[in-house]
A.B. asks: 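This is the structure I want to talk about, given as C-alpha cells.
As the structure lists them, so they are numbered: ligands from 1, and atoms in each ligand from 1. Computed from a predicted structure; not experimentally measured. The chain is numbered in sequence order, starting from 1.
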Amino acid sequence: MVDLSKMTKRDMGKLFDYSVLPKNTTEEQIRQGCRDAIKYNAKAFCFSSSYWTPVVVEELQGTDLLVGAGIGFPFGQQTSAVKAFETEEAVRLGATVLDNCMNVGALKDKKYDEVLQEFKDYKKAAGPVMTKMIIETCMLTKEEIATACKLVAEAGIDWAKTSTGQYAGPSVSDVMLMVDTLKGTKTKVKVAGVKAPRPQNAFAFFAAGAELIGTQGAAEILDAVDDMRRCGLCPEYVGE
Ligand SMILES: O=C[C@H](O)COP(=O)(O)O
C-alpha cells in the first residue's frame, strides 16, 4: 500500500496522472496542462485522444512524465478493431501510456469472451507500452466490478481504472473490491473521478489500496494533501 507519510510532496506527484479531458480543450490548455504536470512531478499527462499526442510529446520532452492517450474515450463502444487501430496510432505518435474504455454494455450483457478478446487485442496493439482499462464502476454492480477486474488481469493489462471522470466517481468500497479482486495479479488500481472533498477522498482511496489517481484536480489535491500532512495527519511529515 502507498505510504504517504514517507513521501515528499514531489514524490507524491508520481501518484497522480494529471489530466485535461474536456471536449472543448484547446492546444494552449493542453500545453499549460503539460507544464502544470511537470511542475507537480506527475506520473503522466493524460488527454482524451491520440490527436494531442504530438503536442504532448513536444511539451514533455526531456522529462520522465508519461504521455497518456485516451482510447475509445469516453464511451468505449467502438469495435475492437477500431480501438486496436487507435491504440497503434497513439503508440506510433509517441504515447507511452494508454487509458482505454471498456465496452460497459458488452460486460453487462455477459459477453465475457468478447470483452476478454477485446482486452487482449488492445494489449497486443499496445506492445510494450503501459496499458490501463477504465471499467466505469458507477455503472456496474459489485459482481460486475469483480468480473471486469478479473478479465482485465487475465488479459495482462497493467492497470484497472475506476472511471473516465465523465460520470460519478467510485466509492471507497468499489476501490477496496477492485484491490481485493486483483490481489495476487500484476494489475494495479487507478482511481479517477475523485469527488469533493477531493483531497480527503484522495487520502481515502490511497488507504483503500489505489496506487494512482487520475484527475484534472491534481494540483489542488497535491497542495491540500501536503497541507493536511503538515497539520499532522501523517505522523512523520517529511517536507517538500
Ligand atoms: O483521469 C480522469 C479524469 O480526469 C478524472 O476526473 P476528475 O478530473 O474529475 O477527477
A.B. asks: Roughly how far apart are Ile213 CD1 and Lys43 NZ, rounded to 0.5 Å?
C.D. replies: 13.5 Å
A.B. asks: For atom 4 (O) of ligand 1, which protein heavy atom lies nearest, and how many Å away is it?
C.D. replies: Ser19 OG, 2.5 Å
A.B. asks: Is the shortest N/O to N/O distance between Lys190 and ligand 1 below 3.5 Å?
C.D. replies: no
A.B. asks: Numbering the atoms of ligand 1 from 1, which are under 4.0 Å from a heavy atom of Ala192?
C.D. replies: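 Per the distance check, 1 (O), 2 (C), 5 (C).
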A.B. asks: So, 4.0 Å and heavy atoms of Asp17: is ligand 1 close enough to count as a contact?
C.D. replies: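 It does not, in that no heavy atom of Asp17 comes within the 4.0 Å cut-off of ligand 1.
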A.B. asks: Which residue owns the protein heavy atom closest to atom 10 (O) of ligand 1, what's the atom, and how far is it?
C.D. replies: Thr215 OG1, 2.9 Å
A.B. asks: Salt bridge check, Asp180 against Lys183: does any charged N sit closer than 4.0 Å to a carboxylate O?
C.D. replies: yes
A.B. asks: Give me the residue, atom name and distance of the protein heavy atom closest to atom 8 (O) of ligand 1.
C.D. replies: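 Protein heavy atom with the smallest distance to atom 8 (O) of ligand 1: Gln216 N, 2.6 Å.
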A.B. asks: Which atoms from ligand 1 have a heavy atom of Gly165 less than 4.0 Å away?
C.D. replies: 5 (C), 6 (O)
A.B. asks: Between Ser173 and Lys142, is a side-chain hydrogen bond (donor to acceptor under 3.5 Å, both in side chains) present by the stated rule, with each step listed?
C.D. replies: CA-CA 9 Å; Ser173 77; Lys142 296 288 186 208; 3.0 Å; yes
A.B. asks: Check whether any side-chain N or O of Asn201 sits under 3.5 Å from a backbone N or O of Lys195 as a donor-acceptor pair, and report yes or no.
C.D. replies: yes
A.B. asks: Students should be able to answer this: which protein heavy-atom is nearest to atom 7 (P) of ligand 1, and at what distance?
C.D. replies: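 Residue, atom and distance for the closest contact: Arg198 NH2, 3.3 Å.
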A.B. asks: Hey, what do you get for OG1 (Thr87) to NZ (Lys123), rounding to the nearest 0.5 Å?
C.D. replies: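 Here the rounded value is 11.5 Å.
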A.B. asks: Would you give the length of the straight line joining atom CD1 of Ile221 to atom OH of Tyr40, rounded to the nearest 0.5 angstrom?
C.D. replies: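 If we round to the nearest 0.5 Å, Ile221:CD1 and Tyr40:OH are 11.5 Å apart.
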A.B. asks: Give the atoms of ligand 1, by number and element, whose distance to some non-hydrogen atom of Leu21 is under 4.0 Å.
C.D. replies: 2 (C), 3 (C), 4 (O)
A.B. asks: Mind checking whether Gln166 contacts ligand 1 via backbone (N, CA, C, O), side chain (CB onward), both or neither, at a 4.0 Å heavy-atom cut-off?
C.D. replies: neither
A.B. asks: With heavy-atom distances below 4.0 Å as the criterion, list the atoms of ligand 1 near Val194.
C.D. replies: 10 (O)
A.B. asks: Which residue from Ala218, Gly193, Gly214, Gly169 reaches closest to atom 1 (O) of ligand 1 through any of its heavy atoms?
C.D. replies: Gly214
A.B. asks: In terms of heavy-atom contacts, does NZ of Lys150 have more than 12 from other residues, nucleotides or ligands at under 6.0 Å?
C.D. replies: no
A.B. asks: Would you mind listing which atoms of ligand 1 come within a distance below 4.0 Å of any non-hydrogen atom of Thr164?
C.D. replies: 2 (C), 3 (C)
A.B. asks: Test side-chain hydrogen bond (donor to acceptor under 3.5 Å, both in side chains) on Asp113 and Gln117; report intermediate values, then the result.
C.D. replies: CA-CA 6 Å; Asp113 290 346; Gln117 190 55 53; over 6 Å; no
A.B. asks: Does a salt bridge link Asp17 with Lys132, judged by any charged N lying under 4.0 Å from a carboxylate O?
C.D. replies: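 Yes, this pair counts.
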